[in-house]
Number of protein chains: 2
Amino acid sequence: MATIQDVAKLAGLSRTTVSRVINQHPYVTEEKKRLVSNAMQELNYVPNSSARRLRRQQTETIAVYVPRITNPFFSHLVEVMEKEAAKKGYQLILCQTRYKKEQERNFLELLKTKQVDGLILTSIENDWSKIEPYLAYGPIVVCNEYSDSAQVPLVFLDQIKGGYIGTKHLIEQGYTKLGYCTGDHKSSRVAHDRRIGFLKALNEAGLQMKDEWYFGGAYSVQDGKRTFEALKKLSDPPQALFTGSDEVAAGIVKAASDAGWKVPEDLAVIGFDNQPLAELMELTTIEQPIETIARQAMELMIESIKSKRTSVRKEVILPLKLIQRCST
Amino acid sequence: MATIQDVAKLAGLSRTTVSRVINQHPYVTEEKKRLVSNAMQELNYVPNSSARRLRRQQTETIAVYVPRITNPFFSHLVEVMEKEAAKKGYQLILCQTRYKKEQERNFLELLKTKQVDGLILTSIENDWSKIEPYLAYGPIVVCNEYSDSAQVPLVFLDQIKGGYIGTKHLIEQGYTKLGYCTGDHKSSRVAHDRRIGFLKALNEAGLQMKDEWYFGGAYSVQDGKRTFEALKKLSDPPQALFTGSDEVAAGIVKAASDAGWKVPEDLAVIGFDNQPLAELMELTTIEQPIETIARQAMELMIESIKSKRTSVRKEVILPLKLIQRCST
DNA sequence: TTGTACGCGTTATCAC
DNA sequence: GTGATAACGCGTACAA
């Protein structure tokens with residue numbers, strides 16, 4: 001492995017000059033530039049990034065936290081983030097928290113040990129008070145999820161409105177018995193706000209909801225199927241279901257069809273995200289502008305790294321849109 | 001930011017002793033261990049990983065190449081790999097080549113510049129001769145894709161058999177006019193071998209295939225729909241289609257249904273992967289043991305890193321399985 | 001069992 | 001314009 005020293009020797013110059021050429025500093029003669037370039041080529045030299053990191057105190061690496069990369073919402077988010085990061089010369093370290101507080105805390109050490117320049121959180125498992133101290137070691141940007149107390153840039157969607165417009169749509173279609181199906185994360189503002197929106201629409205229409213019309217713990221297609229099985233057993237089931245994701249909605253629709261129920265006549269279902277899946281299954285859903293929030297979050301991250309400002313709250317709120325299809 | 005020096009001073013010991021405690025070396029008195037631990041705690045000390053990397057000449061980081069993380073096959077692969085890596089104390093850098101030779105070559109520099117200890121390739125865009133030189137800088141493991149000339153560990157599936165059993169199944173169902181629909185990658189052995197298997201089954205049954213029954217460039221749901229539109233225009237369309245992924249198959253089925261065609265009566269379709277999507281859309285498909293190949297690839301990678309052996313060919317071939325549902 | 005001293009490969013700060 | 005030299009923070013022969 002050739003070092004900068006070897007290049008310097010071969011070129012008959014000092015390390016300093018070689019370093020200057022590498023980093024495009026001014027005040028180097030064209031002639032010596034050429035000399036250095038030739039030597040670098042001959043030795044097949046590449047700067048050692050560990051040494052660079054140590055010297056410059058930065059890693060050009062960003063960690064992105066997601067619950068699971070197989071969730072299409074998050075993989076889409078990560079796809080766009082990686083693209084943006086690569087464009088600006090940053091790498092992405094992928095951290096799957098698996099919905100676990102402890103896993104999230106483990107990954108937080110990455111920032112502390114200077115393995116990454118910053119953190120983007122797309123979900124939050126721990127209380128913000130557990131995360132906040134890490135701001136001392138580098139910037140954090142929150143994307144999708146949010147928290148009131150976080151003094152960091154936040155890019156998120158108006159989930160109250162999301163819950164509201166979805167539910168209002170169901171009500172406008174004439175359904176009066178509305179159920180609610182979601183992954184139940186105590187710490188998640190996203191889930192919390194959607195529920196607020198749901199209840200708001202219900203209230204405005206003067207509708208009541210039975211406790212048994214609430215279904216929790218639903219994240220995947222499989223969970224959706226399970227949800228339908230539970231719903232089927234009810235003596236007075238809801239006519240329509242608001243769900244937290246297209247996967248869950250798809251699972252419900254599938255299980256319902258398998259059981260001979262007609263969608264939306266016997267049961268209406270609304271999804272969330274507008275994934276390709278939603279189109280395939282003809283799901284009415286709420287579209288989230290994934291590319292925009294991913295891009296904005298990454299921009300804010302890189303900005304934070306460069307400006308070295310770390311704790312300034314800044315909210316970017318983006319709109320949601322109802323996509324009507326055949327499941328309602 | 002506290003350094004090892006600060007800890008040493010506070011504990012009244014030398015840096016060496018502190019370092020020994022951190023790295024669990026023998027020959028340190030219990031008493032001094034405690035002294036050091038206390039000092040570390042008080043100063044909130046964490047070893048700086050850039051310095052460690054430089055000193056130890058290793059990064060505890062592995063790069064994984066995928067075409068796009070939103071492709072469920074690859075996101076599933078990455079999910080398992082990240083989990084395995086985290087378990088063994090490694091991080092994952094995500095590299096999306098976007099099916100581009102140049103993008104792949106750019107990422108190869110990661111190994112050269114010592115940003116990662118090794119590379120796992122799940123797809124190969126460039127000729128192996130372009131990749132091979134990088135073996136000088138660290139181990140490479142190939143997973144899913146393969147190449148005859150690669151002197152590295154390879155974990156893959158018997159794609160000839162995959163193409164064969166899928167096609168044979170279609171033939172056994174009584175279809176005689178079989179079409180083929182795939183993403184067309186010149187460099188992909190996976191695609192190449194599946195086609196071999198397809199043709200082998202056709203030959204054995206004495207069947208012919210028309211050129212116009214071949215559809216290329218299909219990767220996504222959208223591409224599947226496009227494929228159906230093209231197929232629809234044919235005066236003598238195939239009765240059954242072999243496809244390269246569940247997404248494509250789902251797109252075809254959806255477009256066909258929308259156009260009033262009955263599946264499988266008017267058109268049979270077989271997918272590949274057995275993604276959740278396949279179950280939802282009732283797709284017959286070929287199951288790939290994703291978790292196993294991901295886990296094995298990561299194990300081989302870590303083994304290669306630890307043993308510092310870099311160029312030994314080793315093949316791990318895993319089986320494929322037909323999953324029959326309603327699309328055939 | 002502990003400490004001294006050097007080197008890992010770069011880059012920033014000064015002198016010249 | 002160019003070159004010594006001193007960090008960056010850590011690990012480890014070697015000596016004691």
Side-chain angles (χ1 to χ4, degrees), chain A residues 1-37 39-40 43-61 89 109-117 137-138 308, chain B residues 1-37 39-40 43-60 109-117 137-138 308:
Chain A
M1 212 47 275
T3 78
I4 200 172
Q5 182 68 281
D6 303 329
V7 177
K9 200 181 293 175
L10 183 61
L13 294 164
S14 75
R15 289 197 319 243
T16 312
T17 306
V18 177
S19 174
R20 284 214 180 91
V21 174
I22 294 169
N23 297 291
Q24 332 229 34
H25 276 222
Y27 308 127
V28 187
T29 338
E30 282 305 320
E31 188 205 333
K32 314 227 155 162
K33 268 190 201 163
R34 211 173 358 260
L35 236 45
V36 171
S37 299
M40 293 203 325
L43 293 171
N44 198 13
Y45 166 82
V46 195
N48 177 306
S49 84
S50 299
R52 256 191 159 150
R53 285 175 177 222
L54 176 59
R55 183 61 241 224
R56 304 219 276 224
Q57 303 284 44
Q58 51 169 307
T59 65
E60 256 126 45
T61 306
E109 295 299 312
L110 287 177
L111 191 57
K112 204 168 173 184
T113 57
K114 297 265 179 286
Q115 314 224 31
V116 300
D117 290 340
Y137 307 106
K308 297 192 159 62
Chain B
M1 212 45 276
T3 77
I4 203 171
Q5 182 68 282
D6 303 328
V7 177
K9 201 182 294 175
L10 183 61
L13 295 164
S14 75
R15 287 202 325 242
T16 313
T17 308
V18 177
S19 174
R20 285 215 178 90
V21 173
I22 294 169
N23 297 293
Q24 329 230 34
H25 276 225
Y27 307 126
V28 186
T29 337
E30 281 305 319
E31 187 206 331
K32 313 225 156 165
K33 267 190 202 163
R34 210 172 0 260
L35 236 45
V36 170
S37 299
M40 292 201 327
L43 292 171
N44 199 11
Y45 167 81
V46 195
N48 177 306
S49 84
S50 299
R52 264 191 145 145
R53 284 173 178 225
L54 176 57
R55 184 61 242 233
R56 304 219 280 222
Q57 303 283 45
Q58 51 170 308
T59 65
E60 257 125 45
E109 294 300 311
L110 286 177
L111 191 56
K112 204 168 173 184
T113 58
K114 297 266 180 284
Q115 314 224 29
V116 299
D117 291 339
Y137 308 107
K308 296 190 158 66

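Residue numbers begin at 1 in each chain, while the letters A, B, ... track the order of the sequences. All values reported here derive from a predicted model rather than from experimental measurement. Worth knowing before you read on, the calculation uses all heavy atoms, side chains too, and leaves out hydrogens, waters and symmetry mates.
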Enquirer: Across the strands shown, which category fits B:Ser19 at heavy-atom distances under 4.0 angstrom: base, sugar-phosphate, nothing?
Expert: base

Enquirer: Reckon A:Pro26 touches a base, only the sugar-phosphate, or nothing at all at heavy-atom distances under 4.0 Å?
Expert: nothing

Enquirer: Answer with base, sugar-phosphate or nothing: what part of the nucleic acid does A:Val46 contact at a heavy-atom distance below 4.0 Å?
Expert: sugar-phosphate

Enquirer: In whole angstrom, what separates A:Lys9's NZ from D:dG3's P?
Expert: 15 Å

Enquirer: Mind listing the closest non-hydrogen atom pair of B:Met1 and B:Asp6 along with its distance?
Expert: O-OD2, 4.1 Å

Enquirer: Separation of A:Asp6 atom CG from C:dC8 atom C1', in whole Å?
Expert: 13 Å

Enquirer: Please state how far atom CE in A:Met40 lies from atom P in C:dG9, giving the value in whole angstrom units.
Expert: 17 Å

Enquirer: Identify which nucleotide among D:dC8, D:dG11, C:dT11 has an atom closest to any side-chain atom of A:Gln57, counting heavy atoms from C-beta outward.
Expert: D:dC8

Enquirer: Does a side-chain N or O of A:Ser50 approach OP1 or OP2 of C:dC8 to a distance below 4.0 Å, or not?
Expert: no

Enquirer: So does A:His25 get a side-chain nitrogen or oxygen closer than 4.0 Å to the phosphate oxygens (OP1/OP2) of C:dT11?
Expert: no

Enquirer: Could you tell me which non-hydrogen atom of B:Lys114 sits nearest to which non-hydrogen atom of A:Asn48, and how far apart they are?
Expert: CG-ND2, 4.1 Å

Enquirer: What is the distance from NZ of B:Lys114 to C1' of C:dG9, rounded to the nearest Å?
Expert: 12 Å

Enquirer: At under 4.0 Å, does any side-chain N or O of A:Tyr45 touch on OP1 or OP2 of C:dT10?
Expert: yes

Enquirer: Find the distance A:Gln24:CD to C:dT11:P and express it as a whole number of Å.
Expert: 12 Å

Enquirer: At less than 4.0 Å, is any side-chain N or O atom of A:Asn48 found next to OP1 or OP2 of C:dC8? Yes or no.
Expert: no

Enquirer: Base, sugar-phosphate, or nothing: which does A:Thr16 touch, judged by heavy atoms less than 4.0 Å apart?
Expert: base

Enquirer: Looking at D:dT12, C:dG3, C:dT10, which one has an atom nearest to any side-chain atom of B:Thr17?
Expert: C:dG3

Enquirer: Using a 4.5 Å cut-off on heavy atoms from C-beta on, say whether the side chain of A:Thr61 contacts that of A:Asp117.
Expert: no

Enquirer: Using heavy atoms to find the nearest nucleotide of DNA chain D for B:Arg20 and A:Arg56 separately, return the residue whose nucleotide is more 5′.
Expert: A:Arg56

Enquirer: Picking from D:dC10, C:dT11, D:dG9, which would you name as closest to the side chain of A:Arg15?
Expert: C:dT11

Enquirer: Take atom CD of B:Gln115 and atom P of C:dT10, then tell me their distance rounded to the nearest Å.
Expert: 12 Å

Enquirer: Rounding to a whole Å, what distance do you find between A:Met1:CE and C:dG9:C1'?
Expert: 11 Å

Enquirer: Would A:Lys33 and A:Glu30 pass as an ion pair if we require N to O under 4.0 Å?
Expert: yes

Enquirer: When we call it a touch if two heavy atoms are under 4.0 Å apart, what does A:Leu13 touch: a base, just sugar-phosphate, or nothing?
Expert: sugar-phosphate

Enquirer: So, is B:Lys32 close to the C:dT2 phosphate, meaning a side-chain N or O under 4.0 Å from OP1 or OP2?
Expert: yes

Enquirer: Hey, is the side chain of A:Arg55 pairing donor to acceptor with the base of C:dA12 inside 3.5 Å?
Expert: no

Enquirer: Nearest 0.5 Å, what's the CD-OG distance between A:Gln58 and B:Ser50?
Expert: 10.0 Å

Enquirer: Got B:Thr113 and A:Arg52 here, is their nearest side-chain heavy-atom distance under 4.5 Å?
Expert: no

Enquirer: Given atom CZ of B:Arg52 and atom C1' of D:dT12, what is their separation to the nearest angstrom?
Expert: 14 Å

Enquirer: Out of D:dG11, C:dG9, C:dT10, which nucleotide sits closest to the side chain of B:Leu54?
Expert: C:dG9

Enquirer: Does C:dG3 have OP1 or OP2 under 4.0 Å away from a side-chain N or O of B:Ser14?
Expert: yes

